[in-house]
Amino acid sequence: MNDEQLLRYSRHILLNELGIEGQERLRSAHALVIGAGGLGSPATLYLASAGIGTLTLVDGDRVDLTNLQRQILHTTARIGTPKAASGQQTLSALNPDVRIKAIEARVEGPGLDALVEQASIVLDCSDNFATRHAVNRACVAHRRPLVSGAAIRFDGQVATFDLRGAQSPCYACLFPPGDGEDELCSVMGVFAPVTGIIGTVQAAEALKLAAGIDTGLAGRLLILDALAMKWHDVRVPRDPQCPVCAGC
Ligand SMILES: [Zn+2]
């Protein structure tokens, strides 16, 4: 690290759990973030400001006026532009050290598989079950740690699946494919800071994983009721019959 980087990351370097070594690990990490919306905005802002080395940001949508209430990567002037490019612009201005790759497409199949394989950590900041399950399948196949978040109304949830370990549960152990229906915030509404809180927890988890610090959340689902402002958590056991990870 040069003098400027030592200053930029000085408040991290002061932490015993991180230090220069941990900060260097962040610099060599590659985070794949699926979705540049309400969750992806705070998640990528913290990943970039904290000095993650490489960040791939995937989103096939364009910035819409209805996004701006919570999707803090984007600005009024960028309405109509691709979200991935808008996010890249914001994040590069925040920290030019970070290599940012913007993918303006909804990736699936082999394309998604290749992206997951290239990454060291995956953050699922998407808003639908089909994408969540596709991302999970790729993370199980390539044994990449997955930090999954969701927010709707005043409710949020976040879970870490450290799929590097053979005994880890996966997203499908918790939510079997075909079990749930999408609850879209376009219909149900979402309280803006809930996406901020959950996306920020996802960034904290991803940064700890990247720095080699125990995540603490692996194997648990953390649930936020932002009306009562209460958290609770449930253990996520591995499902031996899981259609995705059983036998992997
Ligand atoms: Zn599973």
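Placement of L227 and L222 within a single hydrophobic cluster is found when ILVMFWY residues are connected by side-chain heavy-atom separations under 4.5 Å, directly or transitively. When hydrophobic clusters are built by joining Ile, Leu, Val, Met, Phe, Trp and Tyr residues whose side-chain heavy atoms come closer than 4.5 Å, directly or via intermediates, Y9 is grouped together with I20. V63 is not connected to V58 by any chain of hydrophobic side-chain contacts under 4.5 Å among Ile, Leu, Val, Met, Phe, Trp and Tyr, and they are in different clusters. Linking ILVMFWY residues whenever their side-chain heavy atoms come closer than 4.5 Å, directly or via other members, leaves V158 and L174 in distinct clusters. Neither V107 nor L57 shares a network with the other; the hydrophobic side chains, linked directly or stepwise wherever heavy atoms of I, L, V, M, F, W or Y lie under 4.5 Å apart, form separate groups for each.
Looking only at distances, no side-chain donor or acceptor of Q88 sits under 3.5 Å from a matching main-chain atom of K83. In this structure a side-chain-to-backbone donor-acceptor pair under 3.5 Å is missing from R153 to G189. Using modelled atom types, one side-chain atom of T44 and one backbone atom of S41 make a donor-acceptor pair closer than 3.5 Å. Without hydrogens or angle criteria, R132 side chain to S126 main chain gives a donor-acceptor distance under 3.5 Å. Between the Q202 side chain and the A43 main chain, no donor and acceptor come within less than 3.5 Å of each other. Counting only distance, with no hydrogens or angles, the side chain of R238 and the backbone of C245 share a donor-acceptor pair below 3.5 Å. Between the side chain of S168 and the backbone N or O of G165 there is no donor-acceptor pair closer than 3.5 Å. For H30 (side chain) and Q118 (main-chain N/O), a donor-acceptor pair under 3.5 Å exists by modelled atom type. A donor-acceptor pair is defined here as one N or O able to donate and one able to accept, closer than 3.5 Å; such a pair exists between the side chain of D59 and the backbone of A36. R143 places no side-chain N or O within donor-acceptor distance of the main-chain N or O of R164, the cut-off being under 3.5 Å.
Tested against T54 for a side chain to side chain donor-acceptor pair (under 3.5 Å), the candidates R27, K101, R99 yield a single pass: R99.
Taking CG of D97 as the reference point, atom CD1 of I52 lies at 12.5 Å (rounded to 0.5 Å). Rounded to the nearest 0.5 Å, atoms CG (L68) and OG1 (T75) are 7.5 Å apart. L39 contributes atom CG, which lies 12.5 Å from atom CD1 of I34 (distance to the nearest 0.5 angstrom). Atom CG of residue L55 and atom CG of residue N95 lie 10.5 Å apart, to the nearest 0.5 angstrom. Here the straight-line distance linking atom CG of L112 with atom SG of C139 works out to 8.0 Å at 0.5 Å rounding. Going from atom CD1 of I100 over to atom OG of S92 covers 3.5 Å, rounded to the nearest 0.5 Å.
Listed by first and then second residue, the ring pair (Phe, Tyr, Trp, His ring centres under 6.0 Å) pairs involving residues 46-65 amount to none (not counting sequence neighbours). Applying the salt bridge (Lys or Arg N to Asp or Glu O under 4.0 Å) test to every pair with at least one member in residues 186-215, sequence neighbours left out, gives these pairs: E205-K208. Among residues at least two apart or in separate chains, ring pair (Phe, Tyr, Trp, His ring centres under 6.0 Å) pairs with a member in residues 156-214 are H133-Y171, F154-F191, Y171-F175.
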H74/S86 under side chain to side chain donor-acceptor pair (under 3.5 Å): CA gap, chis, key distance, verdict
CA-CA 6 Å; H74 314 300; S86 167; 2.8 Å; yes
Between S49 and R8, does a side chain to side chain donor-acceptor pair (under 3.5 Å) hold up when you go through it step by step?
CA-CA 9 Å; S49 69; R8 183 184 281 268; over 6 Å; no
Any chance you could lay out the salt bridge (charged side-chain N to carboxylate O under 4.0 Å, His left out) test for R220 and D233, step after step, and finish with the verdict?
CA-CA 6 Å; R220 287 187 299 135; D233 68 299; 2.9 Å; yes
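Pairing each heavy atom of N136 with each of A172, the nearest pair is ND2-N, 3.4 Å. Smallest separation of non-hydrogen atoms from L221 and V236: N-CG2, 3.7 Å. Of all non-hydrogen atoms in A119 and L32, the two that sit nearest each other are CB-CB, 3.6 Å. What you find for V33 and G40 is that their closest heavy atoms are CG1-CA, 4.3 Å. Of all heavy-atom pairs between D162 and P145, the closest is OD1-CB, 3.8 Å. Taking every heavy atom of both residues into account, A48 and L91 meet most closely at CB-CD2, 3.9 Å.
R62 and N67 share no side-chain donor-acceptor pair at under 3.5 Å. With hydrogens and angles left out, the side-chain atoms of T195 and R70 include no donor and acceptor closer than 3.5 Å. For the residue pair D113 and H142, a side-chain donor N or O sits within less than 3.5 Å of a side-chain acceptor on the partner.
Annotation for N2: atom CG counts as buried by contact number, over 12 foreign heavy atoms lying within 6.0 Å.
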